[in-house]
Amino acid sequence: MSESAPSTTTPAAAEAATGGGETSAANPWATGWNRFVNSVQKGISSKQEELKATREAKDAGKIYDYETKEWKFYYIEDEWKALESKAGEFGATPSTSTVGDKKDERPVKDRKYYDMLEASTNATQGEIKKAYYKAARKCHPDKNPDDPEAAEKFQQLGHAYQVLSNDQSRAYYDKHGPQDANAAETNTDQVDPFVFFNVMFGSALVEPYVGELWIAQTTAEAMSDTDAMEEFKSLELNNTGDPDSEEARLAEEERREKLMEKMKEMKAKNEWTQKKRQVKIALNLKQRLASYSESTKADFIIEARQEAEKIAGGAYGSLYCITIGYALLLQAEEFLGNETTLFGLGGFAARTKQSTSALGTNFKLIGAAFSAATHGARAMQEAENLQKATMDKTKEGGDGTDAANTNSDKKEKAATDDDKKADDTIDPEAAEKLSETVDATLPAILNFTWAINKRDIQQTLREACPKVFQDASPDANPNAAQSVKQTQLQRAQAMEVLGREFYTVGKLAEQIAVKAGKEGGDFNAEDIKARVTVATMTTMAKAQGQEVTEADQEEMIQQAKQMSAGGGPPPTTGAPAPADSDEKELLKEDVADDGVDC
């Protein structure tokens, strides 16, 4: 029997055989741990690289584009051009053109008004105004005393300018042509909301900082949107059957769908208009701040103060200076705080101030709305009381004629007699009380309107100012050794100075008004009624092709106040040939007699 071979396995080999199995079993855990550690290290490294890239991009003056998910330079001009390219979608007119350039003109339904002004269909509002002055200078009756039709020609020219100088009426004209003489053009188009509210709130001097007020823009949109009104009316007229029928139900659904679609279109247009307003303000601010530098700081402060004093001297000037100045100041502080303070604490403090200011504005808006509603309800109650008392006295003084009259002619005569009796039986004391109540209501209403304007200005500047800081293009007077970031910081410093000067001058003007017993500025019944009168007259003057300067408006307001107080002539607007300083400036470039056929 053979013996088995002796074992050659050593203790070390045996230990390796057993222990090695346990080590092998543990390897997956070790591998997983190593992968986790490597993943964490790669994540940290990637985050560091991302933070480094972010810091470098910010230091270079770039902003993050969430659509493309990349850092890039922002240019205000590019955004402006992009907005202008969408003007056709909303029935608006692009702002880039030349009056005499007849190439590639926009197609329009009728171009008679453009031909009267010898203007391109692509002409900007400034170019339309220049073309009108040039044509009016030749067509004015004073310039053509031997032409019996000069006055009519001049009036037609003024009407063409009135239509083309308003974006809403111009858009309608471009799409549909001239309206019928008895249509809305002779009624609504002659009441230009921008002119009216400009006179009411004196916003011409601050337009570069606030743009067209939201309340004026909204009113203009409501007055000009005749297509939707006609469409809705036609739907209502067609729905004359049984309200419970299937046809009526389908008509109602169609009306609702059209209404929702129209609301979407209006919302898109309003957003586009507001965005365009913000970008335009940003362009104006960038140009206004371009002259600032360390070497010109003293001159910049003096110019800013003089500008603020000029604004403060106008209607509601102190309110404008305070609102605009504080908004500019906080925006500049936020940008500088984010860029120059530790962990951006300065920016956080500025944002806190903004939130507090916005909250205060909202509370004031609510309070102003409640006050306006309360005063309005009180005035309506007084009017009802006066009407009731008058009717009671009329009945007491009646002679029973109404009961005896069955003939329609007699009834009409009786009604006329009753009206005369009502006029004779109005209680003078009640009428005076109603007048006082209405006068007390006007400041509350205008205060509410101003609260709306203030909130609108704050929100608009909150969106416009960052565009100024983010813009990567050089200023008009660039420093060759200055980086994009340095230019942006310099703009913020300039805006801080401008905002502080506006706010300081506005507060000082407000304090002076309080000491003089004029707290609340121009929010008094006499001034409001005078401004409403002059605003209406100014819109009508513009509808006839006349230009009324701010100085003329203020003089007319003073005349209206004197007339209200019982003295002085009523305010008037003449029809002089447009040869004032504004027209001279516009005609400096070209006053050649090239013949304009009216």
### Task
Take atom CZ of Phe348 as the centre, draw a 6.0 Å sphere, and report whether it contains more than 12 heavy atoms from other residues, nucleotides or ligands.
no
### Residues Ser473, Glu77; criterion side chain to side chain donor-acceptor pair (under 3.5 Å); working and verdict
CA-CA 9 Å; Ser473 61; Glu77 288 286 354; over 6 Å; no
#### Entry: salt bridge (charged side-chain N to carboxylate O under 4.0 Å, His left out) partners of residues 459-472, not counting sequence neighbours, each pair once
Glu79-Lys467, Lys286-Asp471, Asp471-Arg491
### Query
Do Leu328 and Cys465 have side chains that get closer than 4.5 Å, going by heavy atoms?
yes
### Task
Would you indicate whether the side-chain heavy atoms of Tyr64 and Lys58 approach each other to under 4.5 Å?
no
### Ala327 to Leu461 - nearest heavy-atom pair and separation
CB-CD1, 3.7 Å
### Task
Measure the shortest side-chain to side-chain distance between Pro466 and Phe335 over non-hydrogen atoms and say whether it is less than 4.5 angstrom.
no
### Check: Phe300 and Leu498 side chains under 4.5 Å, non-hydrogen atoms
yes
### Query
Stepwise, does the side chain to side chain contact (heavy atoms under 4.5 Å, CB included) test hold for Arg55 with Lys52?
CA-CA 5 Å; Arg55 184 169 58 253; Lys52 180 181 178 181; 3.9 Å; yes
### Nearest atoms (heavy-atom pairs only) where Ala60 meets Phe73
O-CE2, 3.2 Å
### Query
What is the distance from atom OG1 of Thr356 to atom CZ of Arg351, rounded to the nearest 0.5 Å?
13.0 Å
### Task
Please identify each residue that fulfils side-chain contact (heavy atoms from CB on, under 4.5 Å) with Glu265, with sequence neighbours left out.
Glu261, Lys262
### Query
Rounded to the nearest 0.5 Å, what separation is found between the CE atom of Met266 and the OG1 atom of Thr273?
10.5 Å
### Task
May I ask you to test the Thr341-Leu336 pair for a side-chain heavy-atom distance under 4.5 Å?
no
### Message
So, taking the atom named OG1 in Thr121 and the one named CG in Asp110, what distance separates them when rounded to the nearest 0.5 Å?
### Response
12.0 Å
### Query
So how far is it from Gln287 CD to Ile76 CD1, rounded to the nearest 0.5 Å?
11.0 Å
### Task
Search all heavy atoms of Asn284 against all heavy atoms of Pro208 and return the closest pair with its distance.
ND2-O, 3.3 Å
### Task
Measure the shortest side-chain to side-chain distance between Tyr320 and Trp450 over non-hydrogen atoms and say whether it is less than 4.5 angstrom.
yes
### Query
Going by heavy atoms in the side chains, are Asn338 and Glu334 under 4.5 Å from each other?
yes
### Task
Identify the heavy atoms of Gln458 and Ser357 that sit nearest to each other, and give their distance.
NE2-OG, 3.6 Å
### Message
Using only atom types and a distance under 3.5 Å, with no angle test, would you say the side chain of Ser85 pairs donor to acceptor with the backbone of Ala82?
### Response
yes
#### Entry: side chain to side chain contact (heavy atoms under 4.5 Å, CB included) assessment of Ile452 paired with Trp214
CA-CA 9 Å; Ile452 294 175; Trp214 173 86; 3.9 Å; yes
### Message
Check this for me, if you would: do Glu118 and Lys134 make a salt bridge, where the nitrogen-to-carboxylate-oxygen distance has to be below 4.0 angstrom?
### Response
no
### Task
Tell me, please, which residues at least two apart from Leu345 pass side-chain contact (heavy atoms from CB on, under 4.5 Å).
Phe343
### Query
Do Gln470 and Lys62 come within less than 4.5 Å of each other through their side chains, counting heavy atoms only?
no
### Task
For the pair Thr54 and Trp71, evaluate side chain to side chain contact (heavy atoms under 4.5 Å, CB included) and give the outcome as yes or no after the intermediate values.
CA-CA 8 Å; Thr54 299; Trp71 290 91; 3.4 Å; yes
## Note on the structure
Closest non-hydrogen atoms of Phe469 and Ala332, given as atom of the first, atom of the second and distance, are CZ-CA, 3.9 Å
### Summary
dist Arg500:CZ -> Met495:CE (nearest 0.5 Å) comes out at 13.0 Å
### Message
Could you check whether Asp59 pairs with Lys485 (Lys NZ or Arg NE/NH1/NH2 to Asp/Glu carboxylate O, under 4.0 Å)?
### Response
no
### Message
Within this structure, what is the CG-OH distance for the pair Leu329 and Tyr503, rounded to the nearest 0.5 Å?
### Response
8.5 Å
### Task
Among residues two or more places apart or on two chains, list those pairs meeting side-chain hydrogen bond (donor to acceptor under 3.5 Å, both in side chains) that have a residue in residues 296-315.
Tyr209-Glu307, Arg288-Glu307, Ser293-Thr296, Arg305-Glu501
### Message
Tell me which pairs pass side-chain hydrogen bond (donor to acceptor under 3.5 Å, both in side chains) where either residue lies in residues 323-332, with sequence neighbours left out.
### Response
Gln331-Gln354
### Task
Using a strict cut-off of less than 4.0 Å between a Lys/Arg side-chain nitrogen and an Asp/Glu carboxylate oxygen, indicate whether Arg277 and Asp456 qualify as a salt bridge.
yes
### Query
Can you name the residues that form a side-chain contact (heavy atoms from CB on, under 4.5 Å) with Ser355, not counting sequence neighbours?
none
### Smallest separation among heavy atoms of Leu117 and Ile128, with atom names
CD2-O, 3.8 Å
#### Entry: Salt bridge Glu127-Lys130, side-chain N to carboxylate O under 4.0 Å
no
### Query
Under 4.0 Å between a Lys/Arg side-chain N and an Asp/Glu carboxylate O for Lys353 and Glu333?
yes
### Message
Would Lys280 pass as a cation-pi partner of Trp80, given that its NZ or CZ must be under 6.0 Å from the six-membered ring centre and within 45 degrees of the axis?
### Response
yes
#### Entry: side chain to side chain contact (heavy atoms under 4.5 Å, CB included) between Asp174 and Tyr114, worked out
CA-CA 10 Å; Asp174 290 346; Tyr114 290 100; 2.8 Å; yes
